[in-house]
Amino acid sequence: MAVTYVIANQKGGIGKTTTATTLAGILGTKGKTLLIDADPQGNSTSTYQALIEDQATLYDVMVDSDALPIEEAIQHMPNGDIVASDPLLAKAGKMLDGNVEGLYRLQDALELLEGYDYIVIDTAPSLDVVLYNCLIAADRVIIPVTADAYAMQGLSKLNETIKAVQKRQNPKLEIAGLLLVKYAGRSNLEKNVKEEIQQVADQIGTRLFPTAVRECVKTKEAQMNKKLLIDYAPNCTTMQDYREFVEELLAGEDGSARA
């Protein structure tokens with residue numbers, strides 16, 4: 001069975017897509033990896049240059065009354081395998097709202113999927129039915145955060161949502177940790193916020209990953225050129241930090257397996 005990671009934070013502009021695509025790129029060097037774009041904005045879809053027109057997307061998998069197999073929505077692109085998002089996904093919440101089975105559409109789809117070692121899910125900055133689907137289908141949640149005055153905004157609500165899913169629908173779900181991104185560490189504000197983030201991680205029973213991801217211009221250039229950072233700038237500081245983070249993440253997985 002594949003290990004499924006959800007990248008989530010209800011605060012926008014937090015670096016979820018960069019984290020999701022870079023994590024997928026690195027994991028793709030270790031095993032067969034699928035990226036699922038669950039954000040109607042479709043930034044991961046754009047990075048992968050995946051199709052939306054005349055192509056099944058995550059919207060079809062989640063909303064199709066005939067339960068479209070997710071294999072039919074997978075696109076094999078130069079950047080890797082992806083299930084594309086679609087602006088219509090923003091309507092999925094209303095269409096599935098009130099339908100108990102609607103919370104399990106993605107889980108049902110992934111249970112029938114074979115051949116992948118890792119699945120990475122990029123999500124929208126919202127707590128909606130689509131995110132619930134992602135959490136119910138996942139094994140681990142990675143929460144990117146930034147060291148700014150609003151870093152804690154929404155974290156408690158997201159944690160409550162995760163705890164509710166753990167209790168009601170997915171007891172195996174775990175928060176893998178908080179990942180500090182876009183970090184320079186030069187200002188006292190950043191250093192103070194980092195300490196606060198560590199305290200929050202302790203409070204919610206998870207960790208702040210030891211590696212903080214620095215930001216460099218190559219990240220935005222890679223997005224502009226629709227390339228994965230691992231391919232566009234494999235030696236940039238941001239990429240170095242993401243590699244270290246993934247080693248920490250997988251070391252934690254090994255520990256879970258031994259436990």
Side-chain angles (χ1 to χ4, degrees), residues 4-21 23-24 34-75 77 79-110 113 119-138 141-146 150 153-155 157-162 164-165 169-170 173 223-224 226:
T4 301
Y5 298 99
V6 168
I7 315 301
N9 191 321
Q10 68 187 90
K11 184 173 180 286
I14 207 78
K16 288 191 295 296
T17 294
T18 297
T19 298
T21 57
L23 174 61
L34 174 66
L35 179 64
I36 297 175
D37 190 354
D39 185 348
Q41 293 184 24
N43 291 330
S44 289
T45 297
S46 176
T47 296
Y48 274 62
Q49 301 183 57
L51 304 175
I52 295 177
E53 299 296 329
D54 300 319
Q55 166 67 45
T57 67
L58 184 60
Y59 173 82
D60 300 295
V61 173
M62 294 183 62
V63 176
D64 193 319
S65 59
D66 294 325
L68 180 79
I70 197 167
E71 289 92 339
E72 294 186 22
I74 295 174
Q75 300 181 53
M77 308 304 293
N79 282 338
D81 290 1
I82 184 171
V83 175
S85 182
D86 188 311
L88 290 173
L89 197 59
K91 300 179 180 179
K94 292 181 179 179
M95 299 181 72
L96 297 174
D97 193 29
N99 179 357
V100 176
E101 290 297 319
L103 293 173
Y104 300 89
R105 292 291 177 86
L106 186 55
Q107 182 188 62
D108 291 344
L110 293 182
L113 181 65
I119 297 170
V120 179
I121 307 176
D122 188 13
T123 64
S126 60
L127 300 178
D128 59 7
V129 172
V130 176
L131 179 64
Y132 271 90
N133 263 269
C134 296
L135 295 175
I136 290 170
V141 185
I142 298 166
I143 306 175
V145 293
T146 51
Y150 304 105
Q153 195 175 63
L155 273 184
K157 187 64 176 177
L158 176 60
N159 182 52
E160 289 173 8
T161 301
I162 293 169
V165 169
Q169 292 107 351
N170 184 6
L173 181 66
Q223 293 170 347
M224 294 274 295
K226 301 187 187 304

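All values below come from the heavy atoms of this structure, side chains included, with hydrogens, waters and symmetry mates left out.
The two atoms that bring Ala38 and Cys134 nearest to each other are CB-SG, 3.7 Å, heavy atoms only. The two residues Ala124 and Pro40 have their closest heavy-atom pair at CB-CD, 3.9 Å. Nearest heavy-atom pair across Val120 and Ala20 is CG1-O, 3.7 Å. Taking every heavy atom of both residues into account, Ala56 and Leu68 meet most closely at CB-CD2, 3.6 Å. Heavy atoms only, all atoms of each residue included: Gln55 and Glu72 are closest at NE2-O, 3.7 Å.
Every residue two or more places apart in sequence or in another chain was checked for a side-chain hydrogen bond (donor to acceptor under 3.5 Å, both in side chains) with Gln75, and none qualifies. Take Asn159 and apply the side-chain contact (heavy atoms from CB on, under 4.5 Å) test, not counting sequence neighbours, and it matches Lys163, Ile175, Ile204. Under the side-chain hydrogen bond (donor to acceptor under 3.5 Å, both in side chains) criterion, Asp128 pairs with Ser126, sequence neighbours left out. Annotation: side-chain hydrogen bond (donor to acceptor under 3.5 Å, both in side chains) contacts of Thr161 (sequence neighbours excluded): none. For Pro87, the side-chain contact (heavy atoms from CB on, under 4.5 Å) partners are Ile52, not counting sequence neighbours. A search for side-chain hydrogen bond (donor to acceptor under 3.5 Å, both in side chains) contacts involving Thr45 returns Asp37, not counting sequence neighbours. Under the side-chain contact (heavy atoms from CB on, under 4.5 Å) criterion, Ala109 pairs with Val61, Ile70, not counting sequence neighbours. Evaluation of the side-chain contact (heavy atoms from CB on, under 4.5 Å) rule for Ala138 yields Thr4, Val6, Leu173 as partners, not counting sequence neighbours.
The side-chain heavy atoms of Ser44 and Leu35, taken from C-beta on, include a pair separated by under 4.5 Å. Put simply, the side chain of Thr18 does not reach to within 4.5 Å of the side chain of Asn43, judged on heavy atoms. Counting only heavy atoms from C-beta outward, the side chains of Ile136 and Leu106 never approach each other to under 4.5 Å. Two residues are said to be in side-chain contact when any heavy atoms from C-beta on lie closer than 4.5 Å; Leu51 and Thr57 fail this criterion. No side-chain heavy atom of Ile36 sits under 4.5 Å from any side-chain heavy atom of Ile82. Looking only at side-chain heavy atoms (C-beta outward), Leu96 and Leu103 stay at 4.5 Å or farther from each other.
A distance of 10.0 Å separates CD of Gln10 from CD1 of Ile143, quoted to the nearest 0.5 Å. Annotation: the span from Asp86 atom CG to Met62 atom CE amounts to 12.5 Å, rounded to 0.5 Å. Expressed to the nearest 0.5 Å, how far CD of Gln169 lies from CG of Asn133 amounts to 10.0 Å. Rounding to the nearest 0.5 angstrom, the gap separating the CG atom in Leu110 from the CZ atom in Arg105 is 14.0 Å. Here Gln107 contributes atom CD and Asn170 contributes atom CG; the two are 6.5 Å apart, rounded to the nearest 0.5 Å. Distance OG1/Thr47 to CG/Asn79: 7.5 Å, rounded to 0.5 Å.
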Fill in: Verdict with supporting geometry, Leu89 and Leu58, side chain to side chain contact (heavy atoms under 4.5 Å, CB included)
CA-CA 7 Å; Leu89 197 59; Leu58 184 60; 4.0 Å; yes
Discussion item. Assess the residue pair Ile7 and Ile121 against the criterion (side chain to side chain contact (heavy atoms under 4.5 Å, CB included)); give the C-alpha distance rounded to whole Å, side-chain angles, the decisive distance to 0.1 Å, and a yes or no.
Written reply: CA-CA 6 Å; Ile7 315 301; Ile121 307 176; over 6 Å; no
Worksheet item: side chain to side chain contact (heavy atoms under 4.5 Å, CB included) between Tyr132 and Val165: does it pass, once the steps are laid out?
Response: CA-CA 8 Å; Tyr132 271 90; Val165 169; 3.7 Å; yes
Worksheet item: Checking side chain to side chain contact (heavy atoms under 4.5 Å, CB included) for the pair Tyr48/Lys226: CA distance, chi angles, key distance, verdict?
Response: CA-CA 6 Å; Tyr48 274 62; Lys226 301 187 187 304; over 6 Å; no
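Thr123 and Lys16 share no donor-acceptor pair across their side chains, judged by distance under 3.5 Å alone.
Screening residues 42-52 for salt bridge (charged side-chain N to carboxylate O under 4.0 Å, His left out), with sequence neighbours left out, gives no hits.
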